[in-house]
> 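Okay, handing you the structure first.
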Amino acid sequence: MAKPPVLTPQSEDFPRWYQDVIAKAELADNGPVRGTMVIRPYGYGLWERMQAEVDRRIKAAGADNAYFPLFIPMEYFQREAEHVEGFSPELAVVTVGGGKELEEPVAIRPTSETVINSYFSKWIQSYRDLPLCVNNWSNVVRWELRPRLFLRTTEFLWQEGHTCHATYEDARDYARRILFDVYADVMVNVLAVPVLLGPKTASERFAGAINTLACEAMMRDGKALQMGTSHELGQNFAKAFDVTFLDAAGDQVHAWQTSWGVSTRMVGGMIMTHGDDRGLRVPPVLAPIQAVVLAVRDEPEVLERTAALAAELADQGIRVELDHRVDLSFGRRATDWEIKGVPVRVEVGPRDLAEGNATLVERWDGAKSPVHLDGVATAVLAALDSGQANLVREATEFRDAHTVEVATVDEAIEAGATGFARVPWSAVGTDGEARLGEHAITVRCLQRPDGGFPESADEPDLVAVVGRSY
RNA sequence: CGGGAAGUGGCGCAGUUUGGCAGCGCGCAGCGUUCGGGACGCUGAGGCCGCGGGUUCAAAUCCCGCCUUCCCGACCA
């Protein structure tokens, strides 16, 4: 009776499970060039939903979309010392164009601070031009040594926001606003992925930033994934690219800036936060397909009722799909939707109809329940709500159950191997970071002892959250 | 980029040691029977054995180079 598992069980081999589920749920394929990724329609559907939710919030935060070019003059990279140093190793450079060796090689953007700032310097003249907040949806290239689908690909899709402000405080507040109102909000309320928020240590900072704020999540194998970052750039790039403005007092001063991004990595984070041995579990708010109405049998009444139900659900604003593939066995189709993680399945067969019911199956826990045909829409909506809440709760409980409080670096090394360890930052420091590093453990972010967000990384009594990471 | 493993119909693999007709399971197509948790029967299609070079009468098999994937490390959304 027991069928061989469709996917490698997580407990047996988590990385293998991850690859299996990406293949079987038809999310993505490897591209022909190392590190590249072909995103298949269902995988892209997940990304499009993430994009829509992020985009809406970015606009609400006052940033407008724009587009900057893929190609960047090499010389731009040289201008900010830390930036060059940080990105040089992963830069892809075009040296031939139109069949000729180029006089000046052209870099393919790994991020766009440099080009964008060269235009900011043209556009900004007065404090009245500030704040200037733009966002770019794009692809970027970072020559990765160890690619993994969605988590770390040489080319990936993301948004990068870039802003200029008149004061340090404005820039700092904006970087936080993006972290909280855009990123954390999407992670928790859309992706159902609980995130820890806090500044990075100096060694984990973005190349060229004065402060990097991060959203860190825990995957089901206990490893950390950085889901998004928001940087305070200070005046580093403004100085390198001459982004200045005349302030109200008549002085020419450099702008204070931020940059921030989330990428297709979020898809990987969602997969590894919620997926189980039966497949994906896509949070209802995110799901491109929230409910599937499945005709159990090829009978006229069944087909009619399922079609009517699907239409009714669509009328309620539910993203619904009708499964009339009666040439495939019921079990096969049920399994397919399960692997794809569709939150709710509405099954209708002759037995249901005899009772005047449909069968509602919830993906998050597999629970099946009969629902009167008149109450399906209401029941689906309720299931979508509770499914979302349950996924967040489950993921939060998992993370907390794999997080321990420790006092020393040695204890952190031990605990960090299987989850998160919270250790006083004062007990770690730069030397401690190096020792953790020897065990492939890093400080994911700094927090207040109560988990609160610190005013600054220099605040006393901070706690370092450490763990292994992707 | 270092260490390890591996590339054979779409997917998973055997065959490589000892060179001699390219196979199996799943999937796919057609027909029929099925259909409430990956259905079954019959028939059939599908291969430059990762790519390039070499050795040989003969290469999936031996030799050299490259590419790609996976695992473990150093760097990163």
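Naming: A, B, ... by sequence-line order, numbering from 1 per chain.
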> Do the side chain of A/Arg345 and the base of B/G37 come within less than 3.5 angstrom through a donor-acceptor pair of N or O atoms?
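Side chain to base: pair present.
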> Looking at B/C35, does its base get a donor-acceptor pair with the side chain of A/Arg297 below 3.5 Å?
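Result: no qualifying N/O pair found.
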> Only pairs with both distances under 3.5 Å count, Watson-Crick or wobble alike; so what is the partner of B/G52 in this structure?
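The answer is B/C64, by the H-bond criterion.
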> Looking across every strand, which nucleic acid part, if any, lies under 4.0 Å from A/Gly35 by heavy atom: base, sugar-phosphate, or nothing?
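The answer is sugar-phosphate, as A/Gly35 gets under 4.0 Å only of primed atoms, P, OP1 or OP2.
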> What nucleotide, of B/G37, B/A39, B/A74, holds the atom closest to the side chain of A/Arg332?
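In terms of side-chain proximity for A/Arg332, the closest of B/G37, B/A39, B/A74 is B/A39.
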> Using the P atom as the point on both nucleotides, what is the distance between B/A60 and B/G9, in whole Å?
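Nearest-Å result for B/G9 against B/A60 at atom P: 14 Å.
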> Please give the distance between the P atoms of B/U17 and B/C26 as a whole number of Å.
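To the nearest whole Å, 29 Å.
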> Let me know, please, whether A/Thr264 or A/Val296 comes out on the 5' side of the other along RNA chain B by nearest nucleotide.
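Checking each residue's closest nucleotide, the 5'-ward one belongs to A/Val296.
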> The side chain of A/Arg146 is closest to which nucleotide in this list: B/A77, B/G73, B/G37?
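Among B/A77, B/G73, B/G37, the one nearest the side chain of A/Arg146 is B/G73.
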> Can you figure out which of B/C76, B/G36, B/A74 approaches the side chain of A/Arg351 most closely?
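Out of B/C76, B/G36, B/A74, the nucleotide with an atom closest to A/Arg351's side chain is B/G36.
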> Base, sugar-phosphate or nothing for A/Arg148? Non-hydrogen atoms, less than 4.0 Å.
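Since only primed, P, OP1 and OP2 atoms lie under 4.0 Å of A/Arg148, the category is sugar-phosphate.
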> Say we look at B/G15 and B/G53: how far apart would their C1' atoms be, to the nearest angstrom?
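Looking at atom C1' only, B/G15 and B/G53 are 25 Å apart.
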> Using a 4.0 Å heavy-atom cut-off across all strands, classify A/Asp336 as base, sugar-phosphate, or nothing.
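The answer is base, as A/Asp336 lies within the cut-off (heavy atoms under 4.0 Å) of a base atom.
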> Return the nucleotide paired to B/G46: Watson-Crick means purine N1 to pyrimidine N3 with N6-O4 or O6-N4, wobble means G-U with N1-O2 and O6-N3, both under 3.5 Å.
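The answer is none; no pair meets the criterion.
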> A/Leu145 has a side chain; which of B/G36, B/C1, B/U69 sits nearest to it?
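The listed nucleotide nearest to A/Leu145's side chain is B/C1.
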> In whole Å, what separates the P atom of B/U8 from that of B/C1?
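The same atom, P, in both gives a distance of 24 Å.
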> Counting only Watson-Crick or G-U wobble pairs whose two distances fall under 3.5 Å, which nucleotide matches B/C75?
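Matched B/C75 with nothing under the 3.5 Å cut-off.
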> Give me the distance, rounded to whole Å, that separates B/G25 from B/U34 when you measure between the C1' atoms they each carry.
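Going atom to atom, C1' in each nucleotide, I get 22 Å.
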> Check the phosphate of B/A39 against A/Ser329, side-chain N and O only, distance under 4.0 Å to OP1 or OP2. Yes or no?
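For B/A39, OP1 or OP2 has a side-chain N or O of A/Ser329 closer than 4.0 Å.
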> Using the C1' atoms only, state how far B/C35 lies from B/G41, rounded to an integer number of Å.
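My reading of the C1' atoms in B/G41 and B/C35 gives 16 Å.
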> Both distances under 3.5 Å, Watson-Crick or G-U wobble: report the partner of B/G20, or none.
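Because both required distances fall under 3.5 Å, B/G20 counts as paired with B/C57.
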> Check for me whether the distance between the ring centres of A/Phe420 and A/His402 falls short of 6.0 Å.
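A/Phe420 vs A/His402: aromatic centres not under 6.0 Å.
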> Any donor-acceptor pair, under 3.5 Å, between the side chain of A/Lys368 and the base of B/G37, if you only look at N and O atoms?
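Present.
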> Which is true for A/Val326 with a 4.0 Å heavy-atom rule: it touches a base, it touches only sugar-phosphate, or it touches nothing?
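Counting heavy atoms under 4.0 Å across all strands, the contact made by A/Val326 includes a base.
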> Which nucleotide, in any strand shown, forms a Watson-Crick or G-U wobble pair with B/G9, with both distances under 3.5 Å?
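Paired with no nucleotide.
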> A/Ala334 or A/His231: which one's nearest nucleotide on RNA chain B is closer to the 5' end?
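With A/Ala334 and A/His231 compared, the 5'-side residue is A/Ala334.
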> Hey, is the side chain of A/Arg333 poking within less than 4.0 Å of OP1 or OP2 on B/G37, counting only N and O atoms?
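No.
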> Under 4.0 Å: is that the gap between some side-chain N or O of A/Gln19 and OP1 or OP2 of B/C71?
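Affirmative; the distance criterion is met.
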